[in-house]
Structure formats: structure tokens, C-alpha cells
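These notes concern the structure reproduced below.
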Amino acid sequence: MKIKVDLSHASKDASYDILIDSNIPIGEFLKPLGIKKRVCIVTCTTVNNLYGSSISNVLKSAGIEPFFIVLPDGESAKSIKYLSYVYDELIKNRFERSDYIIAFGGGVIGDLAGYASASYLRGVNFVQIPTTLLSDVDSSVGGKTGIDHPAGKNLIGAFYQPKIVIIDVDFLNSLDNRELINGFAEVIKYGAVLDEDLFLYLENNLAKIISKDKQSLMHIIERSCLLKADIVNKDEREGGIRSVLNFGHSLGHAIETLYSYKTIKHGEAISIGMVFASKLSKELNLCSLETVNRLETLIKNSGLPTEIPKFSPEEYVNAMKLDKKVEDESIKFVLINNIGNFKFKKLDFTFIRKFLENLI
Ligand code: NAD
Ligand code: GLY
């Protein structure tokens with residue numbers, strides 16, 4: 001399947017395709033981009049060990065010379081230290097404006113390599129080749145790039161779109177179960193606030209998805225990318241509706257920050273955040289108890305966590321105050337308005353702290 005992210009209203013060459021398939025001849029799709037000389041592949045240790053030599057051969061046989069920058073696995077690579085290392089390597093290899101960066105890995109690699117692409121030489125072309133479910137369904141699409149700061153998640157970054165996103169589901173064969181369901185959390189997010197049919201599909205096909213049935217994975221990736229592309233086409237820079245994609249993220253990002261980006265994974269943290277947001281929504285009479293229960297059940301049944309970790313309400317509120325959606329001591333919260341629908345509401349931190357006190 002080919003999905004277009006249509007940003008022609010913003011700039012004439014900003015639009016790009018998302019390709020979703022298995023066994024994609026990657027070289028064939030890179031060549032027409034006009035890559036003249038080299039590409040720099042930014043990846044992580046595990047992906048390099050699994051697929052480094054095969055992607056290198058594929059590129060070489062398409063006449064493209066790759067060099068690799070390999071970063072450690074996990075969220076700790078999304079830091080100023082490793083961003084600086086990427087700049088050093090690009091300079092050392094005399095990387096030029098006409099060369100391309102390929103982000104080859106999960107969301108950590110995509111976000112970091114995307115931001116390096118946005119900032120090195122004031123912007124070089126880049127391509128997303130995601131290898132985790134999370135990066136297939138969410139982070140590779142839409143141009144949010146950046147790194148974490150010890151005080152807050154994704155605090156430094158830029159909107160910078162790739163030239164193409166190539167999603168080959170075969171990379172998921174080597175993904176372990178924890179990483180698979182970590183990405184599944186973002187699919188639940190789309191269903192919960194944007195698409196009731198998708199949510200129903202997830203409820204009815206959970207076992208097939210978790211066991212990596214290819215057709216089911218392809219279906220949820222395609223549906224997620226269609227939903228995300230539609231939102232990004234309408235609101236690339238998150239001036240309005242794109243914030244819906246942050247459902248579960250206000251508390252989720254606070255949890256990740258409080259754990260110093262260790263122990264808990266992004267999808268796990270936002271799962272807890274989605275359940276919290278649904279309980280808030282019920283409190284504000286926006287959804288029924290049945291909605292809260294359906295969401296919590298799907299999250300639990302997929303093996304994701306729902307319990308809020310035992311930090312104090314004060315610590316949560318302080319971490320949330322650095323959220324990008326904060327304005328005048330209140331936060332624009334994404335709430336669920338029964339399955340498949342959402343509502344934005346400004347909530348003040350006194351109310352959020354009180355509500356947290358009852359749940360922790
Ligand atoms: P990740 O990039 O750390 O990858 C998870 C783990 O899977 C790593 O250890 C990696 O080595 C391993 N891995 C990757 N591909 C593999 C494969 N094919 N087989 C086996 N192992 C493989 O984590 P992630 O969950 O992909 O991404 C999380 C990040 O994405 C977070 O930093 C989050 O903030 C970000 N994110 C960004 C956006 C956005 O719009 N830019 C959206 C959602 C999430
Ligand atoms: N993952 C949230 C967004 O891309 O807007």
C-alpha cells in the first residue's frame with residue numbers, strides 16, 4: 001500500500017509517500033530520490049547486527065555507498081551526547097548537503113537521526129526505514145524529530161519531514177513481544193480516540209496480532225498510517241487537531257521522565273496515561289464507565305501496564321508542567337469522548353493533582 005502525506009499546501013516539495021509492504025526492494029525506491037553519492041545509515045546495535053550487512057548490500061547493488069553510525073539500543077541514545085556524536089561522525093566523513101541520512105531503527109533512531117538531519121548543515125535530506133511496530137505506526141510518519149532532556153521528554157526538536165517512509169513488515173519478525181506490544185499501545189491510541197472500527201478490530205483480533213500474524217499486522221499498520229497521515233495533512237505543526245495524537249502522553253511523558261527514560265518504555269507509559277485520561281474523562285462526564293472498562297481491558301489483555309507508578313502527585317504535576325501543551329498553569333488535555341472520539345479540555349494542575357491523589 002502507498003499512502004501520501006500531502007503537505008503541498010505548505011511547500012511544493014514537502015509531500016512524501018509511506019510505503020507499506022513485505023519484502024520491499026528498498027534500493028528501487030531510494031534511487032528515484034536522486035541520491036547522488038552516499039547515504040549515512042543511522043541505526044542501533046541490535047538492528048545493525050540483524051540487518052546491517054543486508055541493507056548495505058541492497059544499497060551497494062543500487063549504486064549507493066552507505067556508511068554507518070551505530071548508536072546504543074534504547075531511549076538513552078535520544079540525548080545530546082549521542083546527537084553530538086552523530087554530528088562528529090558526519091563531519092569526520094565529510095557528509096555533504098546532497099547526501100542522505102537514513103534512519104534505520106525504532107522511534108529512538110528515527111527521532112534522533114531526524115533531528116540530526118534537520119540541523120546538520122541547516123538541513124539535509126532524510127529517509128525513514130522503521131523497524132519496530134511503534135515506529136511503523138507512529139514515529140516514522142509526520143516529521144516530529146528530537147531528543148530528550150533530563151528534565152523532560154522530547155523538549156528539544158524540530159518538525160522536519162522525511163523524503164519517504166519505507167515500512168517493511170518483515171523487520172518485525174525479529175522484534176520481541178515486549179517491543180511488539182509497546183508499539184501496539186500507539187495503535188490502541190488511534191482506535192480509542194479516532195476510529196471505533198479499528199478499536200473493535202483490535203478487541204477481536206488481539207491474539208492474532210500478538211502472535212504476529214502478517215495480515216493483521218499489515219492491517220493495523222495501514223490503518224494507523226492512514227489516520228496519522230490524515231491528521232498531519234490537516235495540522236503538520238500541531239496548532240490544533242494533531243494534539244489528539246498525544247492521548248495518554250501528558251501523564252505518560254511524566255512517567256518516562258520520572259524514571260529517567262529507563263525501566264519503562266514509551267508505549268507502556270502512555271498505556272498508563274490513556275487509562276488515566278479515560279478516568280479523568282469519566283469524572284468530567286465525557287465518557288461512560290463502559291468506555292473506561294473497554295480501554296483498560298484491551299490494554300491489560302495485550303499485556304501492557306495500567307497502574308500508575310508510585311511517584312507522588314506533586315512529582316507528577318511538576319513533571320507535567322514541562323509538557324509542551326502547558327499554558328498559564330493549565331494543560332490542554334486530550335480526553336476520550338466514548339470510543340473513537342475525543343475532546344480537548346484545559347485542566348488546571350490543582351484539579352489534576354487532586355485526581356491523582358485518589359488514584360495513587
Ligand atoms: P526503540 O527505538 O528504542 O526500539 C526498541 C528496541 O527494539 C531497541 O532496543 C532496538 O534495538 C530494538 N529493535 C529495533 N528494531 C528491531 C527489530 N526489527 N528486531 C529486533 N529488535 C529491534 O523504541 P521504539 O519503541 O521504536 O520508539 C520509542 C521512541 O519513539 C520514544 O523515544 C518515543 O518518544 C518516540 N516516538 C516518537 C514519535 C514521533 O512522532 N516522532 C511518536 C511516538 C513515539
Ligand atoms: N506521536 C504524536 C505525533 O506525531 O503528533
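Along the sequence shown, the residues carry numbers beginning at 1.
What you find for I166 and P130 is that their closest heavy atoms are O-CD, 3.2 Å.
Interatomic distance, I255 CD1 to L251 CG, rounded to the nearest 0.5 Å: 4.0 Å.
F349 and V334 are not part of a single hydrophobic cluster, where members link through side-chain heavy atoms under 4.5 Å apart. Residues L322 and I264 do not share a hydrophobic cluster, defined by chaining ILVMFWY side chains whose heavy atoms lie under 4.5 Å apart. Under the 4.5 Å side-chain heavy-atom criterion for ILVMFWY residues, no single connected hydrophobic cluster contains both V108 and F184.
Shown here are the salt bridge (charged side-chain N to carboxylate O under 4.0 Å, His left out) partners of D99, two or more places apart in sequence or in another chain: R38. Residues that satisfy the salt bridge (charged side-chain N to carboxylate O under 4.0 Å, His left out) test with E96, not counting sequence neighbours, are K37.
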Give the intermediate values and the outcome of side-chain contact (heavy atoms from CB on, under 4.5 Å) for residues V39 and L59. CA-CA 9 Å; V39 299; L59 294 180; 3.7 Å; yes
From CA spacing to verdict: side-chain contact (heavy atoms from CB on, under 4.5 Å), Y316, I360: CA-CA 11 Å; Y316 278 118; I360 297 175; 3.7 Å; yes
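Other residues, nucleotides and ligands place more than 12 heavy atoms under 6.0 Å from the NZ atom of K31.
For the pair K2 and D21, the salt-bridge criterion is not met [side-chain N within less than 4.0 Å of a carboxylate O]. By the 4.0 Å N-to-carboxylate-O rule, K265 lies too far from E268 to be salt-bridged with it. We find that K234 and D230 are joined by a salt bridge, their nearest charged nitrogen and carboxylate oxygen being less than 4.0 Å apart. With salt bridges taken as basic N to acidic carboxylate O contacts below 4.0 Å, none links R178 and D176. Salt-bridge check for R353 with E314: passed, with a basic side-chain N closer than 4.0 Å to an acidic carboxylate O.
Checked against a 6.0 Å centroid threshold, the rings of F171 and F104 count as neighbours.
Annotation: salt bridge (Lys or Arg N to Asp or Glu O under 4.0 Å) contacts involving residues 237-257, sequence neighbours excluded, comprise K144-E238, K153-E256.
In this pair, F351 and F355 present their aromatic rings parallel. The plane angle is below 30°, not in the 30 to 60° band.
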Run the side-chain donor-acceptor check on residues 296-311: report pairs under 3.5 Å with partners two or more places apart or on a different chain.
{"residue": "T297", "atom": "OG1", "partner": "N293", "partner atom": "O", "Å": "2.6"}
{"residue": "S302", "atom": "OG", "partner": "L298", "partner atom": "O", "Å": "3.2"}
{"residue": "S302", "atom": "OG", "partner": "I299", "partner atom": "O", "Å": "2.8"}

For residues 188-199, run the donor-acceptor check on the side chains, cut-off 3.5 Å, and write out each pair with its distance to 0.1 Å, sequence neighbours left out.
{"residue": "K189", "atom": "NZ", "partner": "D138", "partner atom": "OD2", "Å": "2.8"}
{"residue": "K189", "atom": "NZ", "partner": "E186", "partner atom": "OE1", "Å": "2.9"}
{"residue": "K189", "atom": "NZ", "partner": "L245", "partner atom": "O", "Å": "2.9"}
{"residue": "Y190", "atom": "OH", "partner": "V137", "partner atom": "O", "Å": "2.7"}
{"residue": "D195", "atom": "OD1", "partner": "D197", "partner atom": "N", "Å": "3.1"}
{"residue": "D195", "atom": "OD1", "partner": "L198", "partner atom": "N", "Å": "3.0"}
{"residue": "D195", "atom": "OD2", "partner": "R223", "partner atom": "NE", "Å": "2.6"}
{"residue": "D195", "atom": "OD2", "partner": "R223", "partner atom": "NH2", "Å": "3.1"}

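The closest side-chain donor-acceptor pair between S53 and S56, if any, does not fall under 3.5 angstrom. Under 3.5 Å, the side chains of D73 and T46 contain a donor-acceptor pair of N or O atoms.
Under the 4.5 angstrom side-chain criterion for Ile, Leu, Val, Met, Phe, Trp and Tyr, the cluster partners of L112 are V42, F67, I69, L71, I80, Y82, L83, Y85, V86, Y87, L90, I91, F95, I101, I109, Y115, Y120, L121, V124, F126, I147, I156, Y160.
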